[in-house]
Amino acid sequence: MNHDKMTNISAKRGFLWPSFEIYSGVSGFTDYGPLGASLKNNIMQKWRKQYVSGEGFYEIEGPTVMPKEVLKASGHVDNFTDPMTKCEECGEVFRADHIIEEVIGEDVESLENEELDSIVIENNIVCPECGGKLANIWNYNLMFKTMIGAKGDKVGYMRPETAQGIFILFKRLERFFRGKLPFGVVQLGKAYRNEISPRQGVIRLREFTQAEAEIFLNPKDKTTPKFKQIENEILYLSSQEVQETNGEPLKITAKEAVDKGIVANEMLVYQLYLAKKFLNEIGIPDEVLRFRQHLAGEMAHYALDCWDVECLTDKYGWVEIIGIADRGDYDLTSHTEFSNDELNVFIEYDQPKLVKKTVVKPNLSKFGPVFKGDSPKVKQAIEQADADEIIKALEDNGKYVIELDKTYEVPEELLIVEEVEEEISGEKIVPHVIEPSFGIDRIVYSVLLHSFKDGQKDYFKFAGEVAPVQVGVYPLVNKEGPREIAEDITNKLRLEGYTVEHEVTGTIGKRYARADEIGVPLAITVDFDTLDDEKVTIRNRDSEKQERIAIDEINSYLEEYYK
RNA sequence: GCAGUUGUGGUAUAGUCUGGUUAUUACUUGGGCCUUCCAAGCCUACAACCCGGGUUCGAAUCCCGGCAACUGCACCA
């Protein structure tokens with residue numbers, strides 16, 4: 001692990017570059033150079049392979065600009081904020097809660113802005129810079145705000161996460177999956193947060209890439225048939241208890257984790273396992289990973305359970321790269337409330353249920369003459385009221401009293417009390433959501449950091465599946481004969497879909513060294529012997545071993561290596 | 001966001017304090033020669049004073065502002 005050396009080479013060889021560099025840059029943004037973009041794409045493709053083809057989830061793609069309504073419902077408009085104030089004299093802007101805390105020495109985090117304003121006035125808090133008067137406190141929202149359309153009255157925001165784009169499609173998706181739970185939907189894409197002061201390079205960006213899966217399941221059944229296959233896999237888990245007692249991570253099987261109630265349910269454990277598998281396969285080993293359960297105070301209020309996957313770095317310590325949460329029905333319920341669309345699933349019972357119940361309904365022929373024009377609203381109130389409550393009122397007083405715009409007394413003879421038997425074939429439930437959320441940029445960084453080897457030579461030992469360049473082809477000497485054969489091999493491999501580096505100049509050692517640096521796993525050299533025996537030398541980056549194979553066998557050799 | 005430090009070719013640097021020649025050196029990179037397996041050698045070329053303003057006859061050098069990076073503090077739903 002060597003952040004400094006790694007970032008140096010990653011910039012030199014075209015992985016990560018600071019954005020807008022020729023205009024002196026803007027922090028919180030990064031460019032992926034040619035190899036970085038390729039590495040990132042490979043990682044995202046691998047992610048799709050695991051979650052879309054592997055798990056049978058489907059990918060959607062929504063807009064990155066969202067109307068205010070969506071983010072109002074999700075809570076981002078109101079809660080994704082910091083309180084700010086501005087000096088009316090010198091124009092300086094401050095975090096209001098910080099200034100206040102400095103003066104009065106108390107935690108004011110949970111207070112409303114109006115309360116903060118009055119604290120400012122009561123304590124005569126002024127601008128720390130010039131002593132000027134402070135303006136009323138407003139919320140600085142971490143979302144990028146924009147206008148939709150020319151009139152400018154439609155407020156939009158750049159999405160702060162990709163997840164909301166899935167939740168708001170729920171009705172369509174539920175139809176697409178024909179109402180069968182569980183089903184999974186993923187979205188990969190950019191998300192935006194206008195951080196006040198990002199300063200950890202690619203670890204904290206204002207524009208970043210997420211890969212999120214939303215798994216909708218029945219709250220009463222959070223099992224998964226796939227669990228059987230992985231129940232004996234070992235996981236290293238830092239549960240709340242482990243953290244509170246500063247203990248060692250638990251080394252337990254997936255099954256034990258569920259049975260002992262350390263992780264809330266089967267599906268959640270299964271997702272932890274999938275995350276681990278993914279990271280291992282792209283070159284991040286278990287030794288630098290930890291699975292950390294959110295502490296009680298850390299967890300969002302609606303979350304039923306939440307685990308972070310963190311990756312060890314030399315520069316930033318443990319960095320959160322994945323969050324896996326059971327979000328309950330929070331998102332769908334909230335969007336149901338704000339949109340007035342019912343975001344739920346009808347679950348049919350195995351057997352229809354016969355339910356006996358007592359209903360109270362108005363006797364309409366007597367109702368009209370008594371209540372006249374008011375009868376529709378009294379009728380409605382009766383229908384909405386709890387039947388048992390009405391019956392009790394009738395038993396006690398012989399009448400039921402309704403408080404609307406005025407008080408209505410409904411005598412017993414205007415009501416019909418009936419025993420009815422209803423057949424109920426199922427129920428509407430709001431699915432729960434388990435959400436694995438991957439920070440792709442942080443994962444790319446982690447892959448770079450942990451693939452990087454320094455020593456005699458510095459190089460990226462990328463896992464074959466994510467290596468940006470898969471094979472180098474070099475004529476040993478740039479002379480007629482080997483040159484043409486090498487060109488021919490390169491062209492054929494490119495047609496096969498491989499990313500090939502073709503290089504004719506420089507000593508062979510230098511070309512190997514350069515290929516090693518960017519993590520090309522295999523190199524093919526063509527020499528004069530090739531003209532006679534139609535064989536080439538194939539060199540392995542990691543072992544530096546060479547073997548001689550026939551040109552005809554190159555394809556199957558690569559297929560075997562990269563399968 | 002606050003405080004301190006820093007900003008010279010692609011990279012690493014000299015020069016800045018004490019203003020004055022064509023801005024130093026090495027590596028890298030492009031072209032050529034040579035070269036039959038791990039950064040060799042030779043020739044040659046490209047290439048920089050973070051941006052803006054000020055002081056001055058003259059600014060990489062002094063002053064002011066901005067931007068960025070680093071360190072510490074704060075923030076991180």
Side-chain angles (χ1 to χ4, degrees), chain A residues 3-5 7-14 17-29 33 71 74-86 92-99 101-102 109 128-129 139-143 160-161 163 191 193-201 203-206 208 294 298-303 306 315-316 319-320 323 325 437 439 456-459 472 474-479 481-482 503-517 523-531 536-541 543-548:
Chain A
H3 167 91
D4 291 340
K5 260 187 167 174
T7 43
N8 196 311
I9 290 182
S10 104
K12 175 179 156 194
R13 302 307 306 271
W17 291 326
S19 293
F20 317 116
E21 205 176 6
I22 65 167
Y23 294 107
S24 75
V26 181
S27 68
F29 295 93
L71 297 155
S74 69
H76 286 91
V77 171
D78 295 323
N79 302 325
F80 194 41
T81 58
D82 288 327
M84 305 296 286
T85 184
K86 183 176 182 176
E92 198 61 45
V93 171
F94 306 94
R95 277 288 297 266
D97 50 342
H98 292 169
I99 300 189
E101 279 168 30
E102 256 169 54
E109 202 183 321
E129 291 293 310
N139 282 331
Y140 171 76
N141 193 288
L142 270 332
M143 291 191 292
E161 58 177 25
R193 298 174 186 190
N194 199 0
E195 302 284 354
I196 296 173
S197 168
R199 247 202 341 197
Q200 288 129 298
I203 297 300
R204 212 155 138 246
L205 293 170
R206 289 182 164 128
F208 55 99
H294 273 203
E298 199 177 355
M299 222 178 285
H301 64 89
Y302 50 80
C306 184
K315 190 174 171 67
Y316 308 113
V319 172
E320 178 195 344
S437 172
Q456 287 250 306
K457 55 183 185 186
D458 299 334
Y459 68 106
Y474 314 115
L476 194 56
V477 284
N478 190 16
K479 289 270 160 70
E503 187 63 70
V504 297
T505 61
T507 63
I508 191 66
K510 194 158 183 171
R511 283 178 278 171
Y512 283 155
R514 254 197 310 235
D516 284 344
E517 204 170 75
I524 293 170
T525 47
V526 178
D527 54 33
F528 283 119
D529 293 342
T530 307
L531 300 177
V536 293
T537 306
I538 191 152
R539 168 202 183 255
N540 186 298
R541 171 197 66 198
S543 63
E544 292 196 358
K545 289 267 162 39
Q546 305 196 344
E547 56 186 306
R548 199 81 185 150

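Below, read A as the first sequence line, B as the second, and so on, with proteins coming before strands; counting in each chain starts at 1. Just so you know, these numbers use all the heavy atoms, side chains as well, and skip hydrogens, waters and symmetry mates.
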Give A:Lys315 one of three labels, base, sugar-phosphate or nothing, depending on what nucleic acid heavy atoms sit under 4.0 Å from its own.
sugar-phosphate

Heavy atoms only, 4.0 Å cut-off, all strands: where does A:Asn79 land among base, sugar-phosphate and nothing?
nothing

Expressed as a whole number of Å, how far does the P atom of B:U29 sit from that of B:U71?
29 Å

Distance in angstrom units between A:Asp527 CG and B:C38 P, rounded:
13 Å

Contact check, side chains of A:Ser19 and A:Arg206, non-hydrogen atoms, under 4.5 Å
no

Which heavy atom of A:Arg514 sits nearest to which heavy atom of A:Thr505, and what is that distance?
NH2-O, 4.2 Å

Give me the distances for all protein-to-nucleotides 45-48 of chain B N/O pairs that come in under 3.5 Å?
none

What distance, rounded to whole Å, do you find between the two C1' atoms, one in B:G9 and one in B:A47?
5 Å

Please measure how far the P atom in B:G4 lies from the corresponding atom in B:A45, and state the result in whole Å.
47 Å

Is there a Watson-Crick or G-U wobble partner for B:G19 with both distances under 3.5 Å, and which nucleotide is it?
none

For a 4.5 angstrom cut-off between non-hydrogen side-chain atoms, does A:Glu547 reach A:Thr537?
no

Which heavy atom of A:Tyr512 sits nearest to which heavy atom of A:Thr525, and what is that distance?
OH-CG2, 3.3 Å

Distance check needed: B:A69 P versus A:Trp17 CH2, whole Å only.
18 Å

Mark yes or no for whether A:Asn141, through its side chain, and A:His76, through its backbone, hold a donor-acceptor pair below 3.5 Å.
yes

My understanding is that a pair needs two contacts under 3.5 Å, Watson-Crick or G-U wobble. By that rule, which nucleotide pairs with B:G58?
none

Can you tell me which nucleotide in B:A39, B:C38, B:C73 comes closest to the side chain of A:Ala513?
B:A39

Nucleotide of B:A68, B:C75, B:C37 approaching A:Val26 most closely (side-chain heavy atoms):
B:A68

Nearest-nucleotide pick for A:Ser24, side chain only, options being B:C67, B:A69, B:A39:
B:C67

From C-beta outward on A:Asn8, which listed nucleotide comes closest to its side chain: B:A12, B:C38, B:C76?
B:A12

Could you work out, with side-chain contact (heavy atoms from CB on, under 4.5 Å) as the rule, every residue matching A:Thr530, not counting sequence neighbours?
A:Ile485, A:Val526, A:Asp527, A:Val536, A:Arg548, A:Ile551

For A:Glu195, check side-chain hydrogen bond (donor to acceptor under 3.5 Å, both in side chains) against everything at least two apart and list the hits.
A:Arg204

By side-chain contact (heavy atoms from CB on, under 4.5 Å), A:Asn478 pairs with (sequence neighbours left out) A:Arg483, A:Val504

Which part of the nucleic acid, if any, lies within reach of A:Glu161 when heavy atoms closer than 4.0 Å are counted: base, sugar-phosphate only, or nothing?
nothing

Rounded to whole Å, CG of A:Asn141 lies from C1' of B:C76 at a distance of 14 Å

By the Watson-Crick or G-U definition, both distances under 3.5 Å, B:G41 is matched with B:C33

For the pair made of NE2 in A:His294 and P in B:C76, what is the distance, rounded to whole Å?
14 Å

Looking only at N and O atoms, is any donor in the side chain of A:Arg539 or the base of B:C38 less than 3.5 Å from an acceptor on the other one?
yes

Less than 4.0 angstrom from a charged side-chain N to a carboxylate O is my criterion; do A:Arg539 and A:Asp516 meet it?
yes

I want to verify a distance call: between B:A39, B:C38, B:C75, whose nearest atom is closest to the A:Gln546 side chain?
B:C38

Rounded distance in Å - CZ (A:Arg206) to P (B:G1)
8 Å

Assign each of A:Thr537 and A:Lys12 the nucleotide of RNA chain B bearing its closest heavy atom; nearer the 5' end lies the nucleotide of A:Lys12

Suppose we call a contact any N or O donor and acceptor under 3.5 Å apart; does that hold for the side chain of A:Tyr23 and the base of B:C51?
no

Which whole number of Å gives the distance between the P atom of B:A59 and that of B:U6?
23 Å

Do the side chains of A:Lys457 and A:Glu544 get close enough for a salt bridge, i.e. N-O under 4.0 angstrom?
yes

From C-beta outward on A:Glu544, which listed nucleotide comes closest to its side chain: B:U71, B:C38, B:C67?
B:C38

Check whether any side-chain heavy atom of A:Tyr316 lies under 4.5 Å from a side-chain heavy atom of A:His3, and answer yes or no.
yes

Assess whether one donor atom and one acceptor atom, taken from the side chain of A:Arg13 and the base of B:G10, lie less than 3.5 Å apart.
no

Specify the separation, in whole Å, of atom NE2 of A:His3 and atom C1' of B:U71.
13 Å

Listed partners of A:Lys12 passing side-chain contact (heavy atoms from CB on, under 4.5 Å), at least two apart
A:Glu517

Which nucleotide, B:A68, B:C75, B:A74, lies nearest any side-chain atom of A:Ser27?
B:A68

Assign A:Gln200 to base, sugar-phosphate, or nothing according to its heavy-atom contacts below 4.0 angstrom with the strands shown.
nothing

Rounded to the Å, how far apart are A:Tyr316 OH and B:U71 C1'?
13 Å

Whole-Å distance, A:Arg204 CZ to B:A74 P, equals 13 Å

Find out whether A:Ile508 and A:Tyr474 are in side-chain contact, i.e. whether some heavy atom of one side chain is under 4.5 Å from a heavy atom of the other.
yes

Scan every strand shown for a Watson-Crick or G-U wobble partner of B:U71, both distances under 3.5 Å, and answer none if you come up empty.
B:A3

May I ask which nucleotide in the shown strands pairs with B:G9, Watson-Crick or G-U wobble, both distances under 3.5 Å?
none

Comparing A:Glu195 with A:Glu517, nearest RNA chain B nucleotide closer to 5' gives the residue A:Glu517

In whole Å, what separates the C1' atom of B:A3 from that of B:A60?
27 Å

As its Watson-Crick or G-U partner within any shown strand, both distances under 3.5 Å, B:G65 has B:C51

Which atoms of nucleotides 29-35 of chain B (N or O only) lie under 3.5 Å from a protein N or O atom, and what are those distances?
{"from": "B:U29", "atom 1": "OP1", "to": "A:Arg514", "atom 2": "NH1", "distance (Å)": "2.6"}
{"from": "B:U29", "atom 1": "OP2", "to": "A:Lys510", "atom 2": "NZ", "distance (Å)": "3.1"}

What's the gap between B:C62 and B:U28 when it is taken at their P atoms, as a whole Å value?
33 Å

Taking B:C75 as the reference, what is the distance to B:C17 when you measure between their P atoms (whole Å, please)?
41 Å

Which whole number of Å gives the distance between the C1' atom of B:G19 and that of B:U61?
6 Å

